[in-house]
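Computation of the quantities below employed the complete heavy-atom set of this structure, encompassing side-chain atoms and omitting hydrogens, waters and symmetry-equivalent molecules.
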Amino acid sequence: MKSYLIKRLIAMIITLWLIITGTFFLMHSVPGSPFNEERTTNEAIQKNLEAYYQLDKPLFVQYVNYLKSLVQFDLGPSIKKSSQTVNDLLGRGFPVSFELGLYTLILAIISGITLGVLAALRHNGIIDYLAMTIAVLGISIPNFVMATLLIQQLAVNIPIFPVATWASPKHMVLPILALATGPMAIIARLTRTSMLEVLTQDYIKTAKAKGLSPVKIVFKHALRNALLPVVTVLGSLAASILTGTFVIEKIFAIPGMGKYFVDSINNRDYPVIMGTTVFYSAILIVMLFLVDLAYGLLDPRIKLHKKEAK
Amino acid sequence: MEKILQVKDLHVSFTTYGGVVQAVRGVSFDLHRGETLAIVGESGCGKSVTSQSIMRLIPEPPGKIKSGQIFLKGMDLIQLKEPELRKIRGANISMIFQDPMTALNPTITIGEQIMEGILQHKNISREQAKKAALEMLHLVGISNPEIRLKQYPHQFSGGMRQRIVIAMALVCQPDVLIADEPTTALDVTIQAQILELFRDIQKKTGVSIILITHDLGVVAQVADRIAVMYAGRIVEIGTRREIFYQPQHPYTKGLLQSVPRLDVEGAELVPIPGTPPDLFSPPKGCAFAARCPYAMEVCEKVYPFETSLSHHHYVNCWLQDVRAKALVSSNH
Amino acid sequence: MELRKQETRNISPEIPDEWFVPINKNKLESESVVRPSLSYWKDSWHRLLKNKLAMAGLFFLIALTLMAIFGPMLSPHSVETQRLTEQNLPPSSKYWFGTDDLGRDVFTRTCYGARISLFVGIMAALIDFVIGVVYGGIAGYKGGRIDNFMMRFVEILYGLPYLLVVILVMVVIGPGLTTIILALSITGWVGMARIVRGQVLQIKNYEFVLASKTFGTKTSRIIRKNLLPNTMGPIIVQMTLTIPSAIFAEAFLSFIGLGIQAPHASWGVMANDGLSTILSGYWWRLFFPTLFISLTMFAFNVLGDGLQDALDPKLRR
Ligand SMILES: Nc1ncnc2c1ncn2[C@@H]1O[C@H](COP(=O)(O)OP(=O)(O)O)[C@@H](O)[C@H]1O
Ligand code: SF4
Ligand SMILES: [Mg+2]
């Protein structure tokens with residue numbers, strides 16, 4: 001177990017380092033690099049940048065400096081906003097985005113699994129067709145379209161919910177719904193397929209032959225095995241929710257990380273783009289790790305231990 | 001002898017994409033207390049469907065039990081509703097499936113899987129259930145049962161898993177155990193051990209066994225009686241001696257020639273030429289006619305009557321008719 | 001027929017004696033029914049035809065393609081002509097889908113959007129196909145350490161969040177149609193490479209089978225009957241499902257201002273423009289582009305699902 005964790009930790013650090021390096025050189029390769037040119041008019045910012053990156057030094061030195069500061073969890077200054085650092089932005093934006101992402105993930109998982117299981121249990125029935133139509137629609141309607149649709153119907157036409165911002169639970173309903181539809185649909189389809197597959201397995205027949213009730217068969221024998229494939233996609237779903245926050249936060253004017261990220265893209269605020277990317281990547285890598293751990297807990301065949309006691 | 005289970009004129013079909021498959025077309029047999037009845041036949045002849053019908057585990061749809069009766073201690077299982085059937089499954093009749101690698105749930109400990117059956121049917125504590133599970137593991141010959149209870153299926157070999165499956169099936173002390181090809185997925189040496197185990201547990205518990213197999217070699221070791229199935233019907237049934245030494249049906253004879261025999265030295269292996277008929281539209285007469293070396297015109301037109309050769313030996317074949325006997329003897 | 005139930009007799013008087021003659025075997029064999037065996041592709045096509053949703057998707061896509069090609073010709077208005085006297089007009093017989101804040105015809109712009117979406121989707125799928133086949137083919141064919149190394153690289157790319165990478169690349173190389181396709185292709189091909197590699201490994205196994213036991217079956221026949229169906233199926237499905245994700249990516253990028261730039265018309269750009277009018281009641285400016293994005297993705301998704309069901313022989317019911 002311990003050696004496995006250490007191995008994983010090292011692999012995670014290497015991946016993150018690759019991403020950091022890739023991002024750094026990508027950003028510094030922008031034609032007429034904003035890091036070196038006096039494109040910024042604000043003198044204070046220019047000073048900040050020079051101090052931070054030592055822009056007169058060779059690129060490699062700048063890179064090493066950047067790494068050094070990253071190790072101290074310092075993501076650098078912003079080009080566009082004087083006296084603002086990327087850390088400041090993240091400190092403000094992250095809690096909001098985290099809330100949005102977390103609720104979305106929870107909603108998507110619960111509703112997706114429920115829908116998928118119901119569809120599988122009523123295979124080829126009305127519920128199945130209904131659930132799968134909802135799922136294909138959910139996959140086909142982009143989240144930003146969903147968001148505008150929800151605003152138009154439930155905030156403008158019938159003003160039940162507020163149009164924008166993140167002030168109260170009521171404000172959160174529409175953005176979470178808009179963001180959760182896609183992942184929910186993916187989970188529902190996957191759960192259904194995997195549940196149908198599991199239900200044809202011999203061990204389900206064996207469980208029936210024991211005289212167990214359908215409820216017991218579904219919850220004790222089928223569900224856990226059916227959810228294994230679902231767990232494996234949670235990592236990539238988290239990634240798609242994360243990119244989804246970019247547009248959702250923009251549409252609903254939610255002061256989260258995604259909004260700052262999109263703003264920074266539109267202003268070409270490279271240090272912010274870079275810092276946010278690194279931060280996002282770190283979160284995703286940790287997510288993937290947690291998913292792996294969860295998988296190991298759910299499936300006894302996966303051994304996190306070095307060797308199985310015989 | 002007490003008849004523990006009676007199957008009468010069972011018809012089962014499946015509605016599929018390509019049409020209606022008449023998988024079982026009038027199967028009847030009795031199972032006596034404490035005996036082993038083997039059902040033998042080529043793959044696809046309806047053995048599994050027959051056994052799953054007894055458990056009432058035919059998936060409906062696409063399957064449907066069209067007609068027939070299945071009596072267990074005087075109750076007709078065909079008439080029972082799901083909740084009543086659940087009380088019988090596992091408690092009165094148990095079933096073992098072909099592949100021990102897939103018959104156990106990979107994410108649940110084997111202890112739990114053995115115990116859940118008895119907890120479902122008997123009003124006992126977990127402690128008592130655990131004791132019963134330990135006894136069962138001991139009975140099927142698994143050492144260190146205390147430790148083994150807490151392990152997962154992947155930690156066992158194929159043969160061991162089949163033992164666990166057997167323990168699972170026997171934990172409620174059922175009257176009838178149906179084993180559908182229990183040794184097909186195993187190595188030859190393990191096969192022999194498992195068959196030995198069947199004999200052993202039958203001696204110890206008195207359970208009646210229906211042993212389903214496509215391999216007559218398996219049957220020779222353990223069966224008291226043998227039913228030979230072809231294209232959804234039983235074509236010959238008799239004691240092991242009768243089937244092995246006085247087979248009457250050409251299909252039974254063909255099967256015997258196609259298995260390696262230890263008792264007849266230098267016997268040549270002759271596979272039966274041809275393939276079984278399509279069960280979408282089975283022939284009107286004898287289904288074996290297309291492959292039968294003795295086929296007569298009558299065979300195609302009318303399904304042969306059942307002929308009784310002894311108290312327990314029955315066969316459905318036109319060769320039993322005196323006119324056919326005359327024909328055969330005049331030809332040779 | 002309750003014949004079985006009868007008392008056993010060794011003679012059955014109701015059966016005439018003349019039926020007890022040996023059968024003419026030749027007659028029997030010639031009678032044995034030969035089931036019509038459709039070829040794999042025909043069979044798949046029949047199954048696809050039966051899938052109503054997939055067929056609806058296919059029809060929509062054909063209609064959309066026609067609209068993308070001929071729509072702008074049908075419409076008397078051009079994409080970029082601005083008529084400041086005719087701003088934000090609702091749909092009418094003159095402007096089928098209404099006009100936008102610069103007085104441009106929304107129908108014509110939607111048709112141009114279709115061109116861009118279909119172009120991006122198909123180009124991305126083609127590029128993925130080419131890179132995927134070359135990369136996956138080499139990895140699968142060479143095998144061993146080369147395969148190991150190449151696939152490790154694919155794993156890393158696979159783990160990166162697709163859109164985040166695309167966004168970064170777009171930031172660096174700047175917005176535009178070509179750059180979108182380029183950015184999408186940078187990580188988009190990994191899925192295809194994995195599939196192709198898997199199929200190549202299968203083919204290698206077939207070769208092995210062929211070499212070890214030749215049953216007199218012609219190689220070309222085996223390739224046609226077994227190999228191509230088995231290997232092409234997953235590739236076709238993957239391509240069909242790549243298209244909607246590329247279309248989504250383009251719309252997404254354009255929507256956040258990284259993709260196609262105004263005044264060019266793309267559904268994402270139009271949706272972004274329309275978003276600001278959500279409160280002013282010019283619903284058509286948001287409705288049409290988003291409707292078309294959703295319908296197009298829906299059509300590709302159901303078609304892809306339908307193809308998957310139709311092409312996978314294991315799913316035959
Ligand atoms: N679920 C099912 N759907 C359609 N046909 C089935 C199904 N189960 C069994 N059959 C058909 O019933 C016939 C008998 O099958 P089975 O009892 O499994 O044969 P076996 O004697 O090998 O156990 C076969 O022709 C098979 O195609
Ligand atoms: S009934 Fe006729 S065809 Fe059938 S087994 Fe007997 S002889 Fe052969
Ligand atoms: Mg079977």
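- B:E82 CD: more than 12 foreign heavy atoms inside a 6.0 Å radius.
- Only the backbone of A:L298 has a heavy atom closer than 4.5 Å to any heavy atom of chain B.
- Ranked by heavy-atom pairs under 4.5 Å with chain A, the list B:A169, B:G90, B:P106 is led by B:P106.
- Looking at A:K210, its side chain does come within 3.5 Å of a backbone N or O of B:Q113 through a donor-acceptor pair.
- Other residues, nucleotides and ligands place no more than 12 heavy atoms under 6.0 Å from the NZ atom of A:K7.
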### side chain to side chain contact (heavy atoms under 4.5 Å, CB included) between A:K220 and B:E112, intermediate numbers included
CA-CA 11 Å; A:K220 190 169 168 188; B:E112 180 59 32; 2.7 Å; yes
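- Remark: B:D99 CG to A:Y203 OH distance equals 13.0 Å, nearest 0.5 Å.
- Only the side chain of B:L57 has a heavy atom closer than 4.5 Å to any heavy atom of chain A.
- Looking only at heavy-atom pairs under 4.5 Å with chain A, the residue among B:G117, B:A103, B:C172 that has the most is B:A103.
- Taking 4.0 Å as the cut-off between side-chain N and carboxylate O, B:E116 and A:K216 do not count as a salt-bridged pair.
- At most 12 heavy atoms of other shown residues, nucleotides or ligands fall within 6.0 angstrom of atom CD in A:E197.
- Looking at B:I93, the atoms closer than 4.5 Å to chain A (heavy atoms on both sides) all sit in the backbone: N, CA, C or O.
- Checking side-chain atoms of A:D202 against main-chain N and O of B:T102 turns up no donor-acceptor pair under 3.5 Å.
- Between B:Q98 atom CD and A:K205 atom NZ the span is 9.0 Å, to the nearest 0.5 Å.
- Contact of B:M168 with chain A is made through the side chain alone, with heavy-atom distances under 4.5 Å.
- Listed here is the closest heavy atom pair of B:M95 and A:A209: CB-CB, 4.1 Å.
- Here CD of A:Q201 is found 9.5 Å from CG of B:N105. Values are rounded to the nearest 0.5 Å.
- Within the 3.5 Å criterion, the main-chain N or O of B:I108 finds no donor-acceptor partner in the side chain of A:H221.
- Residues B:R86 and A:P214 are in side-chain contact: their nearest non-hydrogen atoms beyond the backbone lie under 4.5 Å apart.
- Note that the NE2 atom of B:H154 and the CG atom of A:D299 stand 8.0 Å from one another [nearest 0.5 Å].
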